[in-house]
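Below you'll find the structure, written out as C-alpha cells, and then a few comments.
Worth knowing before you read on, the calculation uses all heavy atoms, side chains too, and leaves out hydrogens, waters and symmetry mates. In what follows, chains are A, B, ... by sequence order, proteins preceding strands, each numbered from 1.
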Amino acid sequence: MNSSKDKATAEYVSKEFRKSIWLGTCFLFVTLILPVLNHFARGFMLRSMFGNLSVTYVYSVLFIYIVAWVITVYYVLRTDKEEEAH
Amino acid sequence: MQQPIATALVGVIVAISIIVAFLSRKYTKSTAEFYVAGRGISAIQNALALSGDYMSAASFLGVAGLVWAYGYDGIWYAAGFFGGWLVLLLFLASPIRRFGAYTIADFVAGRFHSRKLRIAAMIGTLMVSLFYIVPQMVGAGELLGLLLGWEYVFAVAIAGTLITVYVVLGGMRATTYNQIIQCILLWTAMFVVMTLALGKFNFNYSNLLSTVKEYAIPGRWLDFKNSFALIFGLVLGTAGLPHILIRFYTNPSGRSARWTAVWTLFIIGTFYMMTPVVGLAARSLLGNAPPSTNLVLPMLAQSVGGEWMMGVVIAGAFAAILSTVAGLVIASTGAIAHDLFTMLVPGASDKRQVLVAKLTSIGVGIVAILTGLVFRGYNVAFLVGLAFAIAASTFFPVLMMGVWWKGTTEKGALAGMIVGMVGSAVMIVTSLLKMQSLMNPSIITVPAAFITIWAVSKIDGKTPHDTMEFMHKVHMPEKVHERDNG
C-alpha cells in the first residue's frame, strides 16, 4: 500500500476509534456507576421516584436501556452519514 | 403425559424446525452457504435470528427466576446481557463483517498470519461453546422432564437430535430461519405473560412493587464487589461469544452488520425490560411456591393464563434451547471442521469441507447430548455466567486490540489470549473450590489480558507486514473498497 493510502486509513481508524471509545465509555460509565451508587449513595438511590419505583429501580430497568438506544441510534446514523460522505 | 397442550405445542416447534431444515437443504452445498448462509441474510432477519440465538434458556427462564428469588439483584443479569450488545456494535460488528471469514479463528489467524493463534482461538471457541451448551442441555432435560413428564435422558436426546438434524440438513440458513421463528415465539410469550401478570395489578407497575417492596432493593444476593464484577463480565462477555460473532459474517456488508446490532438491541432490550416485571409478579402472586428458579415463568404463566399459556411458555423455553444450541453447534463445527480440518488438509475441495462439516455437526450433537447427561443437576445460570467470563477474557481483548491497535503483534495477541483463557479458567476453578470469593473473574482477567497484549507487543515490536492493509479492509467503508477495485 502506498503511504498516502496508509495515512488516510490511519486517520479514518483514529477518528472512528475516538467516536467509539467516547460513546462506549459513556455507556460503561452509566452502567458500572450503578453498583457504585447503590453502595455509596444508597439513601439517594432508594428514594421514591414514581410511586413505589425507586431511583435505582428506574435506573436499572429503564434508564440504562434508554441510554443504550440513544447511543445506538446516534452512532449508526452518524457512521452511515460519514461513510456516505467518504 | 402431564401437559397435553404443552406437549402438542412442543411437537409443533419440532415439526416446524424439521420442515424449515428440509426446505433449506439445497443451501448447504458450499462452505459459504453452510457456515454463513451465503452472506445473504438481511439486517432485520439477522437481528431476529441473533436475538433468538442469544436469548437462551438462561434469559427466558433464568432471569425471571433470579428476579423472583433475589429481587433487584437478578436484574443485573438482564442489564448485563443487554449492555454487551452496545459494546459489540461500537467496536466489533462492522470490522468483523468486513473481514469476511467464517470463524473467529479465521479472523485472528488472518490478522496475524499465525497457526498458533488459529489453534488457540479454536480451543477458546470450543471451551466457550461447551460451557454454553452444557447448561442448555441440562435445562432442556430438567424442564421437559419436570413439566412434560419426559425422562431426563429422553428429553436431552430429543433436543440434541433435533438440533443436529436441522443443522446438518440446512446449515446456517435453516438455523437462521428457525431462530427467527423461535425469537418471535420467545418474545411474544414473554410479552403475553407480562401483560397478563400486570393485569393482576391493574396495569400499574407501582402497585406491583408495593406488594414486593423488600425485593425491589439491591443487596439481597450480591455484594458490591460481585455485582460490579458480574455486570462487567456480562457486558464484555457478549462481545466475545463465538456463536454471536460469527452471525455477523452472514450480513451482506459492514453497514448491514451495524443495523443488525441496532435491531437486536431493540428486540432484546424490550425483552429484558419485561423480565423484572415477570419475576416480581411471580414473587407477589406465587410466593415461595415454585420449587426452582427455572420453573417460575411456566408456573406464573399457568397462574395468570391457564394451561394454554403454560404450554406456550414451555414451547418458548424449548425454542430458546433449540435456537441457542443450534448456534453453538455451528460455531463448534466451524472450529473443528473449518479451522482444524483446513489446517490439517490444506486445499481440500469445498464439497469435502461441507461433508466434514456435516459429520462434525453430528459429532458435536452427540457431545452435546453426552455432556447434558453427565452434567445433570448443575446450576444452569451459573454455568452460562462462566461461559461469558471465558469469552470476555479470551476473545474480547484480542479482538479489540487486533481490530483497533496497529501495534498489536502475533506474540502479544497469543500471550493475551492465553492469559485470558487460562486466567479465567483458574479463577473459576478457585472460586468453585471456595479459595476466593469473586464469582465472575472477568474484572481481573480482562484487564490482565489487555495489559499482556500491550506489553508483549511493545517488547516484541514485530507487527505483521500487512497491518495497514488489514486496517484498510476492516475499517474503510464499502464504497472505498469499490473504488479501490475500480
Report task. Please look at Y75(A) and chain B and tell me whether the side chain, the backbone, both or neither of the residue comes under 4.5 angstrom of a heavy atom of that chain. Result -> side chain
Report task. Identify which part of E84(A) has an atom lying under 4.5 Å from any heavy atom of chain B, answering side chain, backbone, both or neither. Result -> both
Query raised in the report: Mind checking whether M468(B) and K5(A) have side chains closer than 4.5 Å, heavy atoms only?
Result: no
**Report entry** Short side-chain to backbone donor-acceptor contact, T9(A) and H472(B), under 3.5 Å
**Finding:** no
Query raised in the report: More than 12 foreign heavy atoms under 6.0 Å from CH2 of W454(B): is that the case here?
Result: no
Query raised in the report: So, the side chain of R42(A) versus the backbone of P218(B): is there a donor-acceptor pair under 3.5 Å, distance only?
Result: yes
Query raised in the report: What part of Y205(B) lies closer than 4.5 angstrom to a heavy atom of chain A: side chain, backbone, both or neither?
Result: both
Requested in this report: Check whether any side-chain heavy atom of K213(B) lies under 4.5 Å from a side-chain heavy atom of N52(A), and answer yes or no.
Outcome: yes
Query raised in the report: Distance from F17(A) atom CZ to M400(B) atom CE, nearest 0.5 Å?
Result: 5.5 Å
Query raised in the report: Taking the six-membered ring for Trp, are the ring centroids of F224(B) and F40(A) within less than 6.0 Å of each other?
Result: yes
Query raised in the report: Any idea which of Y72(B), W85(B), F91(B) has the most non-hydrogen atom pairs under 4.5 angstrom with chain A?
Result: Y72(B)
Query - Side chain / backbone / both / neither for I75(B) at chain A, heavy atoms under 4.5 Å - result: side chain
Query raised in the report: Listed by residue number, which members of residues 228-237 of chain B have a heavy atom under 4.5 Å from any heavy atom of chain A?
Result: F228(B), I231(B), F232(B), V235(B)
Query raised in the report: Among G83(B), G80(B), A261(B), which has the most heavy-atom pairs under 4.5 Å with chain A?
Result: G83(B)
Query raised in the report: Which atom pair, heavy atoms only, marks the closest approach of Y12(A) to P477(B)?
Result: OH-CG, 3.5 Å
Report task. Might you point out which heavy atoms bring V262(B) and V76(A) nearest each other, and give the distance in Å? Result -> CG2-CG2, 3.1 Å
Query raised in the report: Does W69(A) reach the main-chain N or O of L265(B) with its side chain, forming a donor-acceptor pair under 3.5 Å?
Result: yes
Requested in this report: Measure distances from A78(B) to the heavy atoms of chain A and classify the residue's part below 4.5 Å as side chain, backbone, both or neither.
Outcome: both
Query - chain A contact via L89(B) - which portion, at a heavy-atom distance below 4.5 Å - result: both
Requested in this report: Please flag which part of W76(B) lies under 4.5 Å from any non-hydrogen atom of chain A: side chain, backbone, both or neither.
Outcome: side chain
Query raised in the report: Would you call E83(A) and R98(B) a salt bridge, taking side-chain N to carboxylate O under 4.0 Å as the test?
Result: yes
Requested in this report: Locate the shortest heavy-atom distance separating A68(A) from L86(B); write the atom from each residue and the value.
Outcome: O-CD1, 3.9 Å
Query raised in the report: Does atom CH2 of W263(B) have more than 12 heavy-atom neighbours from other groups under 6.0 Å away?
Result: no
Query raised in the report: Where on L37(A) is there a heavy atom nearer than 4.5 Å to chain B: the side chain, the backbone, both, or neither?
Result: neither
Query - Greatest number of heavy atom pairs closer than 4.5 Å to chain A - which of M476(B), R258(B), E478(B) - result: R258(B)
Query raised in the report: Looking at M471(B), K406(B), K479(B), which has the largest count of heavy-atom pairs under 4.5 Å with chain A?
Result: K479(B)
Report summary line: Honestly, the part of T270(B) sitting under 4.5 Å from a heavy atom of chain A is both
Query raised in the report: Should we count NZ of K19(A) as having more than 12 external heavy atoms under 6.0 Å?
Result: yes
Query - Part of L46(A) lying under 4.5 Å from any heavy atom of chain B - result: side chain
Query - N/O donor-acceptor pair under 3.5 Å between S20(A) side chain and L90(B) backbone - result: yes
Query raised in the report: Of the listed residues (S60(A), G24(A), S48(A), S14(A)), which shares the most heavy-atom pairs with chain B below a 4.5 Å separation?
Result: S60(A)
Report summary line: Of the listed L34(A), V73(A), L28(A), the one with the largest count of heavy-atom pairs under 4.5 Å with chain B is L34(A)
Query raised in the report: Who among V13(A), I64(A), I21(A) has the most heavy-atom pairs with chain B under 4.5 Å?
Result: V13(A)
Report task. Grab the two heavy atoms, one from A216(B) and one from S54(A), that are nearest each other, plus how far apart they are. Result -> O-OG, 4.4 Å
Requested in this report: Step through it carefully: locate the ring centre of Y57(A), locate the ring centre of Y215(B), and say whether they are under 6.0 Å apart.
Outcome: no
**Report entry** Top of L32(A), I71(A), T31(A), V67(A) for chain B proximity - count of heavy-atom pairs under 4.5 angstrom
**Finding:** L32(A)
Query raised in the report: Does CD in E214(B) sit with more than 12 non-hydrogen atoms of other residues, nucleotides or ligands closer than 6.0 Å?
Result: yes
